[in-house]
Amino acid sequence: MSGNPLDHGVSESVHDAGLAARLPAELSIVVPTFNESRNVPLLVEALRNALGDTRWEVVFVDDNSPDGTADRARALALEDPRVRVVHRFDRRGLASACVEGILATASPYVAVMDGDMQHDEKILLAMLARIRRGDVDLVVGSRYVEGGGMGDWNKRRIAMSQIATALANKLTKTAISDPMSGFFMLTREAFMGSLPGLSSVGFKILLDIAASSPTPMRVAEVPFTFRTRQHGESKLDGLVLWEYLELLLDKTFGHVIPIRFVSFALVGGSGVVVHFLVLTIVLQVLLAMFGTTAETRWFAIAQGVATLVATSSNFFLNNILTYSDQRLKGASLWWGWLTFNIVCGVGLFANVGIARWLYQRHNYLVLSALAGIAVTTVWNYSMSSIFTWRKRR
Ligand code: GDD
Ligand code: MN
């Protein structure tokens with residue numbers, strides 16, 4: 001053996017914290033952050049205390065938090081080479097942040113944990129010891145196994161979490177008692193196996209990874225108690241439920257149709273309801289005000305208003321749900337609205353044209369109409385993904 005410190009086997013600790021800090025990491029801890037500037041220094045300090053002479057690094061993946069979390073993390077990185085930052089711009093999303101963070105590391109073991117001090121860093125060593133044994137691919141920090149706990153969660157959130165868990169276990173066929181956990185460690189090999197199948201939507205990255213594994217993952221669990229947040233606030237909102245549904249759908253049908261398209265089509269369906277609602281109301285009001293003498297004209301006006309309202313409602317819903325990861329804001333929101341209307345306007349012509357052509361040939365009313373709608377939905381979807389929610393290059 002040469003004296004080169006790099007010759008140390010991957011699973012060995014170096015009994016000198018100063019040296020360990022300068023060696024390649026055995027464990028990379030990926031921490032997604034959004035507005036956690038006050039927590040980031042606390043977490044780094046906690047990791048230092050908890051991990052001792054383990055060769056670790058922490059990678060903060062920040063989505064350009066307005067509170068300057070990335071700056072805070074960079075300042076820490078200048079003091080300690082074990083701290084690194086991936087700063088993403090114009091992006092949002094917990095799952096994709098974790099994936100990109102993991103991909104920015106090289107160590108054989110990676111952990112994902114929240115940046116708000118709610119996850120107990122003291123179990124990291126136990127998790128590492130467990131995974132080093134080599135007979136499991138994944139170690140989950142679990143709130144549900146003996147010794148774990150929910151902290152101060154309210155009843156409603158506990159119930160929701162349990163329902164989601166039951167659903168998840170059906171889907172992944174892996175028995176993880178806490179598949180919603182955002183605190184886990186896995187081997188790079190296992191992660192690479194799941195990578196091609198990942199959906200990367202929403203909050204549930206562990207579930208995504210476990211469900212995307214080509215072979216069922218071998219799992220161990222280490223209990224911990226969720227801590228109460230001291231600084232900042234939770235980013236989990238009503239959208240999380242929708243994103244969770246999206247993830248389940250994608251894991252079930254994603255290999256057949258892209259989940260964005262499903263979301264787009266569902267929003268389109270809601271647009272039909274909006275359309276008829278507005279049409280009826282406007283028509284009734286016009287008829288009540290001006291009488292039935294010019295009924296066709298009132299109908300045309302009501303139809304026009306309904307179309308505009310339904311298209312706008314589709315646009316805003318898609319912006320919130322279908323494209324939650326690249327939501328348009330400010331001026332681009334209005335520009336997006338305009339391009340969406342143009343795209344849908346053209347789509348409408350295509351719809352009528354195709355439906356008419358089919359109807360002339362075969363006389364099947366419903367089939368012709370449905371074919372028109374299908375073609376328009378595909379058109380609207382692909383064109384709006386190019387012109388309205390185009391990815392910045
Ligand atoms: N980069 C990035 N981008 N980070 C984000 C984003 C985002 O869009 N949204 C949230 N985060 C970060 C937060 O800053 C925090 O470090 C972590 O992700 C978890 O977010 P919280 O807002 O604190 O979530 P929570 O405490 O309500 O939920 C946690 O517990 C759940 C139950 O175990 C998360 O870990 C969930 O994943 C988990 O399911
Ligand atoms: Mn939290």
Side-chain angles (χ1 to χ4, degrees), residues 29-44 46-47 58-70 72-73 84-104 111-121 123 140-145 148-154 156-165 167-168 176-184 200-210 221-241 243-244 247 323-327:
I29 302 154
V30 171
V31 180
T33 55
F34 194 76
N35 285 343
E36 306 287 1
S37 68
R38 292 185 68 186
N39 289 312
V40 158
L42 300 177
L43 180 60
V44 170
L47 290 175
V58 59
V59 180
F60 291 101
V61 187
D62 186 67
D63 287 349
N64 201 37
S65 302
D67 78 346
T69 304
R72 264 285 174 84
R84 293 170 48 207
V85 187
V86 172
H87 186 153
R88 305 198 304 171
F89 191 77
D90 247 338
R91 300 274 304 282
R92 269 309 292 276
L94 179 52
S96 64
C98 296
V99 171
E100 283 162 40
I102 295 174
L103 288 173
V112 171
M113 88 188 274
D114 289 354
D116 56 3
M117 302 295 288
Q118 290 197 272
H119 291 164
D120 188 354
E121 69 288 339
I123 69 162
V140 181
S142 173
R143 297 162 291 174
Y144 295 139
V145 288
M150 301 292 281
D152 64 349
W153 275 23
N154 64 35
R156 200 173 126 252
R157 203 173 154 180
I158 292 178
M160 278 194 16
S161 183
Q162 278 163 351
I163 294 169
T165 302
L167 262 166
I176 304 177
S177 68
D178 193 0
M180 304 298 125
S181 175
F183 191 17
F184 57 92
S200 296
V201 288
F203 255 58
K204 305 303 169 198
I205 180 64
L206 171 60
L207 177 61
D208 197 0
I209 290 176
E221 298 187 291
V222 175
F224 80 101
T225 303
F226 224 71
R227 289 193 205 124
T228 309
R229 212 184 229 283
Q230 303 297 332
H231 305 289
E233 50 196 46
S234 169
K235 281 96 217 167
L236 219 149
D237 53 20
L239 262 187
V240 168
L241 203 67
E243 289 179 336
Y244 182 59
L247 178 63
Y323 289 97
S324 60
D325 57 332
Q326 49 189 101
R327 206 172 287 166

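Just so it is clear, the model here is predicted, and its values are computed rather than measured. Residue numbers run from 1 in the order of the sequence given. Atoms within each ligand, like the ligands themselves, are counted from 1 in listed order. What's counted below: heavy atoms across the whole structure, side chains too, no hydrogens, waters or symmetry copies.
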Chemist: Mark yes or no for whether Glu100, through its side chain, and Val61, through its backbone, hold a donor-acceptor pair below 3.5 Å.
Modeler: no
Chemist: Please report the interatomic distance CG(Leu42) to CG(Asn39), rounded to the nearest 0.5 Å.
Modeler: 6.0 Å
Chemist: Under 4.0 angstrom from ligand 1, any heavy atom of Phe183?
Modeler: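 Per 4.0 Å heavy-atom rule, Phe183 does not contact ligand 1.
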Chemist: Got an N/O contact under 3.5 Å between Gly93 and ligand 1?
Modeler: yes
Chemist: With sequence neighbours excluded, tell me which residues meet ring pair (Phe, Tyr, Trp, His ring centres under 6.0 Å) with Tyr323.
Modeler: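 Here the qualifying residues are Trp389.
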Chemist: Taking the inter-plane angle between the rings of His119 and Phe183 on a 0 to 90° scale, is it parallel (under 30°), tilted (30 to 60°) or perpendicular (over 60°)?
Modeler: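 His119 and Phe183: parallel rings.
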Chemist: Checking Lys235 against Leu94 for the side-chain contact (heavy atoms from CB on, under 4.5 Å) test, could you report, in this order, the C-alpha distance in whole Å, the side-chain angles of both residues, the deciding distance, and whether it holds?
Modeler: CA-CA 10 Å; Lys235 281 96 217 167; Leu94 179 52; over 6 Å; no
Chemist: Do any nitrogen or oxygen atoms of Phe226 come within less than 3.5 Å of a nitrogen or oxygen of ligand 1?
Modeler: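 Between Phe226 and ligand 1, no N or O pair is found under 3.5 Å apart.
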Chemist: Using a 3.5 Å cut-off on N or O atoms only, is Glu233 in polar contact with ligand 1?
Modeler: no
Chemist: For Thr69 and Thr33, does a side-chain donor sit closer than 3.5 Å to a side-chain acceptor?
Modeler: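 Looking only at side-chain atoms, Thr33 and Thr69 do not form any donor-acceptor pair under 3.5 Å.
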Chemist: Which atoms of ligand 1 are found less than 4.0 Å from any heavy atom of Arg143?
Modeler: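 In order of numbering, the contacting atoms are 32 (C), 33 (O).
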Chemist: Side chain, backbone, both or neither: which part of Val61 comes within less than 4.0 Å of ligand 1 when only heavy atoms are counted?
Modeler: backbone
Chemist: Do any protein N, O or S atoms sit under 2.8 Å from the Mn ion (ligand 2), and which ones are they?
Modeler: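 Listed by chain and number, the nearby protein N, O or S atoms are Asp116 OD2, Gln118 OE1.
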Chemist: To the closest 0.5 Å, what do you measure between CG (Asp67) and CZ (Arg38)?
Modeler: 10.5 Å
Chemist: Please could you name the atoms of ligand 1 that Met180 approaches to less than 4.0 Å, counting only its heavy atoms?
Modeler: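 Here the atoms of ligand 1 in question are 32 (C), 33 (O), 38 (C), 39 (O).
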Chemist: State the atoms of ligand 1, each with its element, that fall below the 4.0 Å cut-off from a heavy-atom position in Lys235.
Modeler: 9 (N), 10 (C), 14 (O), 21 (P), 22 (O)
Chemist: Please check whether Ser181 reaches ligand 1 - meaning an N/O of the residue sits under 3.5 Å from an N/O of the ligand, judged on distance alone.
Modeler: no
Chemist: Does some non-hydrogen atom of Arg229 fall short of 4.0 Å from ligand 1?
Modeler: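 Distance cut 4.0 Å: Arg229 passes for ligand 1.
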Chemist: With heavy atoms only and a cut-off of under 4.0 Å, state how Ala97 meets ligand 1: side chain, backbone, both or neither.
Modeler: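 Near ligand 1, Ala97 shows its side chain, while the N, CA, C and O stay back.
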Chemist: Does Arg91 reach ligand 1, in the sense of a heavy atom lying below 4.0 Å from it?
Modeler: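 The answer is no, since Arg91 has no heavy atom less than 4.0 Å from ligand 1.
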Chemist: Suppose I only count heavy atoms of Glu36 and a 4.0 Å limit; which atoms of ligand 1 are within that range?
Modeler: 13 (C), 14 (O), 15 (C), 16 (O)
Chemist: Indicate whether any N or O donor in one side chain lies under 3.5 Å from an N or O acceptor in the other, for Asp116 and His231.
Modeler: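 Result is no, nothing qualifies.
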Chemist: Hey, does the side chain of Asn64 reach the backbone of Phe89 with a donor-acceptor pair shorter than 3.5 angstrom?
Modeler: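 Side chain of Asn64 to backbone of Phe89: no pair is present.
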Chemist: Below 3.5 Å, N or O to N or O, backbone or side chain included: is there any such pair between Asp114 and ligand 1?
Modeler: yes
Chemist: Where the side chain of Gln118 meets the backbone of Arg227, is there a donor-acceptor pair that is under 3.5 Å apart?
Modeler: yes
Chemist: Does Arg88 CZ have over 12 foreign heavy atoms under 6.0 Å away?
Modeler: yes
Chemist: Counting N and O atoms only, with roles assigned by atom type, does the side chain of Arg92 sit under 3.5 Å from a partner on the main chain of Arg327, one being a donor and the other an acceptor?
Modeler: no
Chemist: What atoms of ligand 1 come closer than 4.0 angstrom to any heavy atom of Lys204?
Modeler: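 Under 4.0 Å from Lys204, ligand 1 has these atoms: 38 (C), 39 (O).
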Chemist: Show your working on side-chain contact (heavy atoms from CB on, under 4.5 Å) between Asp325 and Arg91 and close with a plain yes or no.
Modeler: CA-CA 6 Å; Asp325 57 332; Arg91 300 274 304 282; over 6 Å; no
